[in-house]
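To start, the structure under review is shown below, and the notes come after it.
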2 protein chains.
Amino acid sequence: MPRKARLNERAIAEAALAVLDAEGIEALTMRHLAEKLSTSAMALYNHFPDKDAVLEAVAQLLLAEIEAPPPGIGWQETARRIMRSARTVTLRHPHAAPLIARFPPRTPDALAFVEAGFRSFRAAGFDPHSTARAYRALVAYSLGTLEVELGAYFAAHPAAQAPAGSLDQPSVGRLLPTVDEVGPELAASDPQAEFEFGLNVLITGLEALLPHR
Amino acid sequence: MPRKARLNERAIAEAALAVLDAEGIEALTMRHLAEKLSTSAMALYNHFPDKDAVLEAVAQLLLAEIEAPPPGIGWQETARRIMRSARTVTLRHPHAAPLIARFPPRTPDALAFVEAGFRSFRAAGFDPHSTARAYRALVAYSLGTLEVELGAYFAAHPAAQAPAGSLDQPSVGRLLPTVDEVGPELAASDPQAEFEFGLNVLITGLEALLPHR
DNA sequence: AGTATAAACGTACGGCGTAAAGAATAACGA
DNA sequence: TCGTTATTCTTTACGCCGTACGTTTATACT
């Protein structure tokens, strides 16, 4: 009955990811995406209910790129590898990365790393509740790190400006001396090292959740 | 020389925050915001170069709401109070909260809590680099928790769907058993308790950075 | 071959951010 | 006091967005 579809969800999502990588999120419009696929904007609506669904599909594509570590390497190393892989994927697709924070894994491929992580935690003695708790904390930390990093959040940190009028500059240094002192350090540090540091702190803390033997 | 302005940045930013709180981010358009201020959309452009600047101003408003703890309570308690206050503020303005992640504190009022935090860390013996590192990790964790929480990221977690065709449901349970087992726990937990848990883990880990005596 | 049906297309609508140009207003120098 | 001038505000309009709606096209089955 159906005409053989020239388009399909997969191809559209992949094209959307390509547009994102090459031109950024603001270039990802339905018309532009359709153009890249040599079709019309409305044709996309045969495969997705709306634009958000396209973005969701892109997120699943990204999540599927996260590697599921092999079993038998311990829960700490499993957690480390998953979070590192997630970070690698998001830095590979910086414009698409925010989507990972907006859509949880849903497809089997996208859930592969979750399954591997959960399994490793359960095998190590974490009960389901603690497993969820640990996963939550690790995800929150990783997403936050990503958000901060991609947003160039700490970049430059030009210190405060005078309230409104034309007060002299030095007043800033007098009001916020410690911001002035520490601020430059925020932009200077090595992101990967910072990430690993926080990751290790969390893993260490999580060990306390295990029934000690 | 200048006509006495009916509008000013502060009033506009406050009106924008009110719109955000009442109607959400998609309702915050220049036209709608102007309507609330009984003026025209273009009048706003005398006070802000573009819409993003309005959002930035709202972010500064939110950041200024974060309470700076008093000195003398120790760096751990200082960190805890700042992060708790930040969380309280963002949960009070859920629609506006993502802005906090997009714009770093810039105005003196918005930097007050940063100054208090930095000062406390420095007084406790953290050098500027370690202070920046600790701040980074705490902010990343808090922003990530927020992102996950506001996005209802873990809500429902309906497990995976069959690839495409009409495969039977039970196959999902067979492919991702641990996701099925742990998944429900993700939505069920107490967000505040989860937040405090991760916060304490981080603070404990940060103690290792101090020159032990 | 005929027909049902899903896919693709074209057009159109309301709304967005904001550029541009003119009108209105308040503070200042004379 | 009265232009002069710097600023705020208003009006109009442009190009773009997502997508509702109706039509055309191309397949697969009878």
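Predicted model, so just to flag it, every value in this text is computed and none were measured. Numbers restart at 1 for each chain; the letters A, B, ... are given by sequence-line order, proteins then strands.
With contacts defined as side-chain heavy-atom distances shorter than 4.5 Å, the pair A:L37/A:L44 qualifies.
For B:F126, the ring-ring contact (aromatic ring centres under 6.0 Å, His included) partners two or more places apart in sequence, or in a different chain, are B:W75, B:F121. Listed by chain and number, the residues in a salt bridge (charged side-chain N to carboxylate O under 4.0 Å, His left out) with B:E181 are A:R122 (sequence neighbours excluded). For B:D52, the salt bridge (charged side-chain N to carboxylate O under 4.0 Å, His left out) partners at least two apart in sequence or on another chain are B:R102. Partners of A:I25 by side-chain contact (heavy atoms from CB on, under 4.5 Å), not counting sequence neighbours, listed by chain and number: A:L20. When the ring-ring contact (aromatic ring centres under 6.0 Å, His included) test is applied to B:Y45, no partner is found at least two apart in sequence or on another chain.
Residues from residues 21-45 of chain A placing a heavy atom under 4.0 Å of any atom in DNA chain C, listed by number, are A:R31, A:T39, A:S40, A:M42, A:A43.
Proximity of B:H47 to the phosphate of D:dC9: a side-chain N or O atom is located under 4.0 Å from OP1 or OP2.
Here the P atom of nucleotide C:dA7 and the CD1 atom of A:I12 are 11 Å apart, to the nearest Å. Atom CG in A:D52 sits roughly 17 Å away from atom P in D:dC17 (whole-Å rounding). Spacing between atom NZ of B:K51 and atom C1' of C:dC16 amounts to 8 Å, rounded to whole angstrom units.
Between the base of C:dA6 and the side chain of A:N46 there is no donor-acceptor pair shorter than 3.5 Å.
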